[in-house]
Engineer: 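Below: one structure in structure tokens.
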Amino acid sequence: MSENVANNREATVAVIDSKALLKVFGPSDSNLRRIRAELGVKVTLDGNKILLRGDADAVRRGSHLLEQLQRLALRNGHLDADDIQRAISEVLHGKDVSNSKPIDVYNGKQIRAKTDGQARYLELLRSKAIVICIGPAGTGKTYLAVAKAVEALKTDTVKKIVLVRPAVEAGESLGFLPGDLQAKINPYLRPLFDALADMMDRDMLKRYMEEDRIEVIPLAYMRGRTLNNASIILDEAQNTTVAQMKMFLTRMGESSTITVCGDATQIDLPENKRSGLIDARQRLKQIEAIGMLQLNRSDIVRHPLVQQIVNAYE
């Protein structure tokens, strides 16, 4: 156990098992470097004890984290990047995100929240018919929304998944890309296919698309439609205009859900066009039945460098 953590800027944590500790520290101490950076604490090994130095609060959190990770490594026999991220998030936010109910997709795979923000996002996806989620790259906005939609399709809660993206040119010209219109549009839809391919095998994905149970389309193809019994997801929503956002939200039919995902810092619209995502956040915030969530840098779950890059640009 840690000693005198509450009142000191230095503490020690006992090494429970040397092999477990190697898993906690990670290959070439990669996990240890991540713990030091995210908690702001110095960690060194001193014989059969781990020595922590730093701010009293950082030392307290670091001590708790290292105790928990050692027990987890001893119990499971391994630790992966998700385990480390989840444990750090629990310690930083004072909540056990691992208690958040996982999403069941195909092939026996379960998808879990890795941060407190993601845990709150999943609760909204389960409790609200419309959810608007805004946050930086790497926070799992689209991935978790797709996972929840796949779970709903698997359990027959919905009959169809519709994944939508605006085909907005991000500094590139569609006209100069090779191929017909579909070939030009496909690169914009690729991230949605990638998310689906991670949750079901490719033969199943192909079959569901042929049966029209899964549809991945540009936003323009939504005009004039009403979708019943469907999970509808709009990705890259920051690149919709106000009129397009209104059009999209009003496609919702009986027994359907809508999730809107976007990054307010990556708007590719002309300067004279207001983002439909920003507008919706203000316009719809008083509607209780609509869930709204702002994810932030602490919710980034991609490679640790992604968080540093986001920090640098902000």
Engineer: Closest heavy-atom contact between Pro102 and Glu151?
Structural biologist: O-OE2, 4.1 Å

Engineer: Is any side-chain heavy atom of Tyr208 closer than 4.5 Å to a side-chain heavy atom of Leu196?
Structural biologist: no

Engineer: Quiz question: by atom type and distance under 3.5 Å, do the side chains of Asn228 and Glu254 form a donor-acceptor pair?
Structural biologist: no

Engineer: May I ask you to decide if Val59's main-chain N or O and Ser63's side chain share a donor-acceptor pair within less than 3.5 Å?
Structural biologist: yes

Engineer: Verify, without hydrogens or angle tests, whether Arg112 (side chain) and Ala119 (backbone) share a donor-acceptor contact under 3.5 angstrom.
Structural biologist: no

Engineer: Does one hydrophobic cluster hold both Val24 and Leu45, with members joined at side-chain heavy-atom distances below 4.5 Å?
Structural biologist: yes

Engineer: Step by step, work out the side-chain contact (heavy atoms from CB on, under 4.5 Å) result for Met222 and Val164.
Structural biologist: CA-CA 8 Å; Met222 291 288 286; Val164 185; 3.9 Å; yes

Engineer: If we count only N and O atoms by modelled type, under 3.5 Å, do the side chains of Thr155 and Thr157 hold a donor and an acceptor together?
Structural biologist: yes

Engineer: Do Lys23 and Leu74 have side chains that get closer than 4.5 Å, going by heavy atoms?
Structural biologist: no

Engineer: Side chains of Leu249 and Val260: does their closest heavy-atom pair fall under 4.5 Å?
Structural biologist: yes

Engineer: Using a 3.5 Å distance criterion without hydrogens, assess whether the side chain of Arg165 forms a donor-acceptor pair with backbone atoms of Leu234.
Structural biologist: no

Engineer: Can you name the one residue among Lys42, Arg53, Lys49 that meets salt bridge (charged side-chain N to carboxylate O under 4.0 Å, His left out) with Glu10?
Structural biologist: Arg53

Engineer: Do Gln68 and Gln70 get their side chains close enough for a donor-acceptor pair, meaning under 3.5 Å?
Structural biologist: no

Engineer: I'd like to check the salt bridge (Lys or Arg N to Asp or Glu O under 4.0 Å) partners of Arg274; sequence neighbours left out, ordered by chain and number.
Structural biologist: Asp279

Engineer: Counting distance only, does the side-chain N/O of Thr259 pair as donor-acceptor with the main-chain N or O of Val131 below 3.5 Å?
Structural biologist: no

Engineer: Is Lys109 salt-bridged to Asp198, going by a charged N under 4.0 Å from an acidic O?
Structural biologist: yes

